[in-house]
Amino acid sequence: MSARSEPGTPVADRATAGFRQRYGAEPAGRWAAPGRVNLIGEHTDYNDGFVLPFALPLRTVVAAAPAPGGRWTVWSELDDEPVEFGPADADEPGRVDGWAAYVAGVVWALRADGHDVPGARLAVASDVPVGSGLSSSAAIESAVLAALVDLGGLDLPAGRWPRLAQRAENDYVGAPTGIMDQSAVIRGRAGHALFLDCRTEEIEQIPFDLDGAGLAVLVVDSRAPHRHADGEYAARRRSCERAAATLGVSALRDVDVAGLDAALARLDDDETRRRVRHVVTENQRVLDTVALLRAGRVRDTGPLLTASHASMRDDFEITVPEIDTAVEAALSAGAYGARMTGGGFGGCVLALVDAGAADAVAAAVADAYAERGFTAPGTLTVLPAGGVTRLG
């Protein structure tokens, strides 16, 4: 019997229904973690730089209960076949693969940190689209982490959660992500963007009062297939690391805009210069955006968003035609600023728009897609939401 729920059912109810139908019992609780978008600061995280993400109202929910025998069983509405694994599987990266690796990775990270992780049965439902650049992976990691911490009564302060969730993704799943996604998903606050220093992991909640300013963020899922994303992401990271070594700094964070020209003159090829220029100027754009938001000048951040996109397109070379089309169409339809968000080579665009104009901007993007024969985009208007939480 399928545990899938009817379309349109709230995600928490779908997780509960899945748990009941799969395990024939009630869950002990439900834990929710959001997706995220990065307002600005792309490919700066692994360069020890600055980022400014915020949590989305889209959520992944894990319904869970303790299970005897020290084993874990997880079911997802995206794949009706449950996956079961034990300590030996969890302790060896690669033994559990596919979507369940994100769950096993959390168990691995907790055990490696010295925690006695309880066996559990879990059911996962999600409104965060997979593969769109909205951090569906960080959402499932964080919801599972919250569930296991609560079920086991583990002594683990929330400030340490992002690093453990990141370890699950880096070292068990094998995805070379920075700390931004998990930080935003776990530590996000409604009505705020999370200003994160990726070197020190210090955070500041920056007021991002879109409602008060009569604004909204339109998120456009480009529906573009990710083209060589993993290999190209890794190549960009290696290029940045080589450049930092050449410049004699621990990370490109240590090069500021004032010293950029001198740094570029020390590099011996144009491609590396472009990569470095993006990271250095993007860090400055984050700082400038934070300053504007602190002053309540939300609309004035628009040109910084657009400049960020141009840098990703021209210097870091991580956009694709669908992404560029969405940005151009949104700006032509009156958006204050627009940019790709996420690792690149597909994914999403965000546009800062008047709240009342969101539908018109979305329609303009859809029309531009149709003219070029692209798959129709998905759109969603969002406000900053809260981070991971227990629903009861």
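Remember, predicted model here, so these are calculated numbers, not experimental data.
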field: Option from Val327, Val219, Val37, Leu218 for which side chain to side chain contact (heavy atoms under 4.5 Å, CB included) with Val349 holds
entry: Val327
Test side chain to side chain contact (heavy atoms under 4.5 Å, CB included) applied to Val220 and Leu350, step by step: CA-CA 6 Å; Val220 179; Leu350 63 81; over 6 Å; no
- prompt: With a 4.0 Å cut-off, would you call Arg273 and Asp315 a salt bridge?
  reply: no
query: Any side-chain heavy atom of Phe19 sitting closer than 4.5 Å to one from Gln21?
result: no
message: Looking at Arg22 and Asp80, would you say the former's side chain and the latter's main chain have a donor-acceptor pair under 3.5 Å?
response: yes
- request: Indicate yes or no for a side-chain donor-acceptor contact from Ser332 to the backbone of Glu328 under 3.5 Å, with no hydrogens or angles considered.
  value: yes
ILVMFWY clustering at 4.5 Å (side-chain atoms), partners of Trp31: Leu151
query: Residues in salt bridge (charged side-chain N to carboxylate O under 4.0 Å, His left out) with Glu282, at least two apart?
result: Arg285, Arg339
Show me, pair by pair, the donor-acceptor contacts under 3.5 angstrom made by side chains of residues 375-388, not counting sequence neighbours?
none

query: Are Tyr233 and Met180 connected in the hydrophobic side-chain network, where two residues link if heavy atoms are under 4.5 Å apart?
result: no
message: Among residues at least two apart in sequence or on other chains, which ones pass salt bridge (charged side-chain N to carboxylate O under 4.0 Å, His left out) with Asp269?
response: none
- request: Go through the structure and list residues passing salt bridge (charged side-chain N to carboxylate O under 4.0 Å, His left out) with Arg187, not counting sequence neighbours.
  value: none
message: Test side chain to side chain donor-acceptor pair (under 3.5 Å) on Asp324 and Thr319; report intermediate values, then the result.
response: CA-CA 7 Å; Asp324 292 331; Thr319 70; 3.1 Å; yes
message: Would you say that Leu293 contacts Leu39 through its side chain, given a criterion of any heavy-atom pair below 4.5 Å between the two side chains?
response: yes
message: Filter on ring pair (Phe, Tyr, Trp, His ring centres under 6.0 Å), then keep only pairs touching residues 362-388, sequence neighbours left out; what's left?
response: Tyr369-Phe374
query: Given side chains that start at C-beta, do those of Cys240 and Arg237 come closer than 4.5 Å, heavy atoms only?
result: no
- prompt: What pairs with Ala330 under side chain to side chain contact (heavy atoms under 4.5 Å, CB included), at least two apart in sequence or on another chain?
  reply: Ala335, Ala338, Ala351, Val361, Val365
query: Do the non-hydrogen side-chain atoms of Trp75 and Val124 ever get within less than 4.5 Å of each other?
result: no
field: Co-membership, hydrophobic cluster, residues Val257 and Val255, 4.5 Å side-chain
entry: yes
- line: By ring pair (Phe, Tyr, Trp, His ring centres under 6.0 Å), Phe316 pairs with (sequence neighbours left out) His43, His278
task: Step by step, work out the side chain to side chain donor-acceptor pair (under 3.5 Å) result for Gln166 and Glu141.
output: CA-CA 9 Å; Gln166 184 204 16; Glu141 291 157 1; over 6 Å; no
message: Whether the side chain of Ser308 engages the backbone of Leu304 through a donor-acceptor N/O pair (distance < 3.5 Å, no angle test) should be reported.
response: no
message: Does any part of the side chain of Arg266, heavy atoms only, come nearer than 4.5 Å to the side chain of Thr246, both counted from C-beta?
response: no
- line: Value for CG (Leu352) from CG (Leu331), rounded to nearest 0.5 Å, stands at 10.5 Å
message: Keeping Asn47 on the side-chain end and Gly49 on the backbone end, is there a donor-acceptor pair under 3.5 Å?
response: no
message: Gln182 vs Glu169, test: side chain to side chain contact (heavy atoms under 4.5 Å, CB included). Steps then yes/no.
response: CA-CA 10 Å; Gln182 292 82 6; Glu169 188 151 353; 3.2 Å; yes
field: Beyond-backbone contact of Leu122 with Thr73, side-chain heavy atoms, under 4.5 angstrom
entry: no
SB check Asp91 Arg111 (cutoff 4.0 Å): yes
query: Please walk me through it: do Arg199 and Asp254 pass side chain to side chain contact (heavy atoms under 4.5 Å, CB included)?
result: CA-CA 11 Å; Arg199 170 170 285 171; Asp254 298 310; 2.8 Å; yes
- prompt: Any sub-3.5 Å donor-acceptor pair from Thr301's side-chain atoms to Val298's backbone N or O?
  reply: yes
Under 3.5 Å: donor-acceptor pair, side chain of Glu84, backbone of Arg71: no
query: Excluding sequence neighbours, so at least two apart, what forms side-chain hydrogen bond (donor to acceptor under 3.5 Å, both in side chains) with Glu92?
result: Arg95
Within one Ile-Leu-Val-Met-Phe-Trp-Tyr cluster: Val279 and Ile179, side-chain cutoff 4.5 Å: no
- line: Sorted by chain and number, sequence neighbours left out, salt bridge (charged side-chain N to carboxylate O under 4.0 Å, His left out) with Arg299 holds for Asp354
- prompt: Does the side chain of Thr281 come within less than 4.5 Å of Gln284's, by heavy atoms?
  reply: no
task: Give the intermediate values and the outcome of side chain to side chain contact (heavy atoms under 4.5 Å, CB included) for residues Trp72 and Val107.
output: CA-CA 9 Å; Trp72 299 270; Val107 174; 3.6 Å; yes
- request: Please assess Trp108 against Asp171 for the test side chain to side chain donor-acceptor pair (under 3.5 Å), listing each intermediate value before the final yes or no.
  value: CA-CA 9 Å; Trp108 171 83; Asp171 299 335; over 6 Å; no
message: Would you compute the distance between atom CG of Asn283 and atom CG of Leu260 and round it to the nearest 0.5 angstrom?
response: 11.0 Å
- prompt: Do His309 side-chain atoms and Met340 backbone N/O form a donor-acceptor pair below 3.5 Å?
  reply: yes
- request: Consider only side-chain N and O atoms of Arg30 and Thr16, and report whether a donor and an acceptor are under 3.5 Å apart.
  value: yes
- prompt: Which of these, Ser142, Ser135, Ser137, sits in a side chain to side chain donor-acceptor pair (under 3.5 Å) with Asp181?
  reply: Ser135
field: ring-ring contact (aromatic ring centres under 6.0 Å, His included) between Phe195 and Phe208, worked out
entry: CA-CA 11 Å; Phe195 178 36; Phe208 188 35; over 10 Å; no
task: Side-chain contact test, heavy atoms from C-beta onward, threshold under 4.5 Å: evaluate it for Leu194 versus Arg189 and give yes or no.
output: no
message: I'd like to know if the side chain of Asp79 and the backbone of Ser76 have a donor-acceptor N/O pair within less than 3.5 Å.
response: no
message: Check this for me, if you would: do Asp314 and Arg274 make a salt bridge, where the nitrogen-to-carboxylate-oxygen distance has to be below 4.0 angstrom?
response: no
- line: Heavy-atom closest pair (Gly29 atom, Arg390 atom, distance to 0.1 Å) is CA-NH2, 3.8 Å
field: Heavy-atom pair of closest approach, residues Val96 and Ala101
entry: O-CB, 3.3 Å
message: Whether Arg275 and Glu241 form a salt bridge (side-chain N of Lys/Arg under 4.0 Å from carboxylate O of Asp/Glu) is what I want to check.
response: no
Listing, residues 50-69 side-chain donor-acceptor contacts under 3.5 Å, not counting sequence neighbours, or none:
| from | atom 1 | to | atom 2 | distance (Å) |
| --- | --- | --- | --- | --- |
| Thr60 | OG1 | Ser126 | OG | 2.6 |

- line: So salt bridge (charged side-chain N to carboxylate O under 4.0 Å, His left out) across residues 120-135, not counting sequence neighbours, yields Arg14-Asp127
